[in-house]
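Bear in mind the structure is a predicted one, so any value in this text is a computation, not a measurement.
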Protein chains: 2
Amino acid sequence: MPTPQRHPARSAPQRAPLTRDEVIDAAAALVRQHGPQALTMRRLAAELRTAVTSIYWHVGNRESLLEALVERTVRELGDIRPRGTTPRARIVSVARALRRELLARPHLVAMVHERGLTERMFHAAQQALAREAHAAGLRGARAAEAVRAVQFSVIGQVLIERNRERSPQQRPAEPGWWEHDPADTDPALVRALAAPPDPEKVFTATIRALVDGLLPISDSPLPTPRQSARTADRTAPPRTSRGRRA
Amino acid sequence: MPTPQRHPARSAPQRAPLTRDEVIDAAAALVRQHGPQALTMRRLAAELRTAVTSIYWHVGNRESLLEALVERTVRELGDIRPRGTTPRARIVSVARALRRELLARPHLVAMVHERGLTERMFHAAQQALAREAHAAGLRGARAAEAVRAVQFSVIGQVLIERNRERSPQQRPAEPGWWEHDPADTDPALVRALAAPPDPEKVFTATIRALVDGLLPISDSPLPTPRQSARTADRTAPPRTSRGRRA
DNA sequence: ACCTGAACACCGTTCAAGT
DNA sequence: ACCTGAACACCGTTCAAGT
């Protein structure tokens, strides 16, 4: 796209008057494309082809601008709809949706977190999870526990996953870490902990295990409108060795 | 302690020659006391009563200084010793120790995370958890799953807890959030999710529930040297309603 | 080997002044 | 109501120069 004027508007009519939303849009684009450190008032002004001080007129200062940006991100993460026929499947689906949304905007999520709004960002998901916990038969503090456990696991896992992306090599794991301990000669465990090949798969497995542990076990699905074959296959897998053995 | 010279060493012998460790110590102190944003090269120089450029001679640049700081933090978090007689109790103890250590240096932990070293920071704890998972009878990928689930939950919960501290009022929860949904009329749940009065208690409860779900259930403790009454009381609480009901 | 001040290119923010 | 340049106090970093 050819820019009609490459000098910052000398004597020509300098485009439509700037709006607050335009400023926030440009700021979001800057963060998404070049990371949070690229969002300086001066660079933003250059991007918008205005004087720095114009921006101050519209958004007050950098702090308020970030606040607005964060506010928008929180809103974007607002609608998370559970899918599936059983509470278990629906909780897992919320967790996966949450993960996808978070990974789609890592910079903005980091900024939300830095500004102390993590909890608000997760409130929609929390409500959905609470509903499912209730549907699964959990009540009161017990249900809250389950909601939090899922929520925290998702956040923790996503944070680490994003972290791993950023620094691809975690410095080859200091040789002789595991070997010196004779108690855990479990090569499969060591291998599994080394580097998950498919983060999404690992994520889902972890959440599923967690939900299994949190929900009261009911092998018969709740009464639902109809039973979809697509969800049923992964919904009630054969019980593994985790069952009670007294 | 009276400072013998309050001007930056005019013609007097300007104290023992600066060392790299001194610089890192001062940087750590600055971060711990005034937060990460207070760690500027110039302020650090002022604190050390030297020229800014001396610091550059010792640590290269700001980036390397932060790296050294982070390296030290990772080392400090290195030794985590499990306590208790059953794998369950020992895993919970690791989680609690981890939480305590992380909350003790929130700024530095945030910096470690920003520099992509979260995983390395948690490696000692991970090893301890893996050992306990093995002791509890889990093997291979299944054990890795359990280790990760606990790890992620701790990280997630600590991050949120720290977040909540920073912004004490999460904007009174937008009235009419829960009410419009008739499905979940569980006032106890809503109350429990609103604001945990004792984060430590909530934390322990969550981790305990999680571990219950992850470990194969065994009501008899493993054979240990001797059974301590101090740990036994909280180690095997009466089984709650989570048991199998087929 | 260690320290120094001057200088450069960047910040966020304020202010008086324009239209 | 909206935009502007100049100026202030801060950054990180480099460099030539001291001892």
Side-chain angles (χ1 to χ4, degrees), chain A residues 3-28 30-31 33-70 107 111 114-115, chain B residues 4-31 33-70 107 111 114-115:
Chain A
T3 46
Q5 52 193 18
R6 56 187 58 220
H7 295 296
R10 251 189 120 59
S11 64
Q14 54 261 46
R15 30 169 240 102
L18 197 58
T19 71
R20 183 183 151 89
D21 276 339
E22 260 180 299
V23 174
I24 300 176
D25 283 344
L30 219 42
V31 168
Q33 289 166 27
H34 304 280
Q37 86 289 354
L39 177 51
T40 73
M41 303 302 267
R42 292 178 133 98
R43 176 155 182 186
L44 185 55
E47 213 79 30
L48 287 166
R49 278 150 171 72
T50 11
V52 208
T53 40
S54 302
I55 295 180
Y56 279 85
W57 196 90
H58 284 286
V59 299
N61 55 20
R62 189 167 191 269
E63 188 60 24
S64 326
L65 173 58
L66 294 187
E67 217 166 276
L69 215 52
V70 154
H107 296 319
M111 286 169 60
E114 269 161 32
R115 312 202 85 63
Chain B
Q5 51 192 20
R6 55 186 60 223
H7 294 297
R10 250 188 121 57
S11 64
Q14 54 259 45
R15 29 168 242 102
L18 197 58
T19 71
R20 183 184 151 88
D21 276 339
E22 261 181 300
V23 174
I24 299 175
D25 282 344
L30 218 43
V31 168
Q33 290 167 27
H34 305 281
Q37 87 288 356
L39 177 51
T40 72
M41 302 301 268
R42 292 178 133 96
R43 177 154 181 187
L44 185 53
E47 213 79 32
L48 286 166
R49 278 148 173 73
T50 10
V52 209
T53 40
S54 302
I55 296 180
Y56 279 86
W57 197 91
H58 284 286
V59 299
N61 54 21
R62 188 168 193 270
E63 187 61 22
S64 325
L65 174 58
L66 294 187
E67 217 166 276
L69 217 53
V70 155
H107 295 319
M111 285 169 61
E114 270 162 31
R115 313 200 85 63

Specify the separation, in whole Å, of atom CZ of B:Arg42 and atom P of C:dC10. 15 Å

Do B:Trp57 and B:Thr53 make a side-chain contact, defined as non-hydrogen atoms from C-beta onward lying under 4.5 Å apart? no

Go through the structure and list residues passing side-chain hydrogen bond (donor to acceptor under 3.5 Å, both in side chains) with A:Thr40, not counting sequence neighbours. none

Once side-chain hydrogen bond (donor to acceptor under 3.5 Å, both in side chains) is applied, do any residues pair with B:Gln37, and if so which ones, sequence neighbours excluded? none

For the pair made of CG in B:Leu44 and P in D:dG12, what is the distance, rounded to whole Å? 9 Å

What is the separation between atom CD on B:Glu63 and atom P on D:dT14, rounded to the nearest whole Å? 13 Å

Once you round it to whole Å, what is the distance between C1' of C:dG12 and CD of A:Gln37? 17 Å

Atom-to-atom span, CG of B:Leu48 to C1' of C:dC3 - whole angstrom: 13 Å

Write down the distance between CZ (B:Arg20) and P (C:dA1), rounded to a whole number of angstrom. 17 Å

What pairs with A:Asp21 under salt bridge (charged side-chain N to carboxylate O under 4.0 Å, His left out), at least two apart in sequence or on another chain? none

Would you mind reading off the distance between B:Met41 atom CE and D:dA9 atom C1', rounded to a whole angstrom? 19 Å

Would you compute the distance between atom CD1 of A:Ile24 and atom CG of A:Leu66 and round it to the nearest 0.5 angstrom? 10.5 Å

Can you list every pair that meets salt bridge (Lys or Arg N to Asp or Glu O under 4.0 Å) and has a residue in residues 50-63 of chain A, with sequence neighbours left out? A:Glu63-A:Arg115

Bracket notation of DNA chain C in which parentheses pair within the strand, [ ] cross earlier pairs, and | pairs with another strand (Watson-Crick or G-U, under 3.5 Å): ||.|||||...|||||.||

Name the closest nucleotide to the B:Ala51 side chain, picking from D:dC3, D:dT4, C:dT4. C:dT4

Any residue in residues 52-62 of chain B with a heavy atom nearer than 4.0 angstrom to DNA chain C? Just list them by number, or reply none. B:Thr53, B:Ser54, B:Trp57, B:His58

What is the distance from atom CZ of B:Arg20 to atom CG of B:Leu65, rounded to the nearest 0.5 Å? 8.0 Å

What's the spacing between A:Leu18 CG and A:Arg49 CZ if we round to 0.5 Å? 13.0 Å

What are the two closest heavy atoms between B:Ala38 and B:Arg43, and how far apart are they? O-CD, 3.5 Å

Tell me whether the side-chain N/O atoms of B:Thr50 come closer than 4.0 Å to OP1 or OP2 in C:dC3. no

A:Arg49 CZ to D:dT4 P, straight-line distance once rounded to whole Å: 13 Å

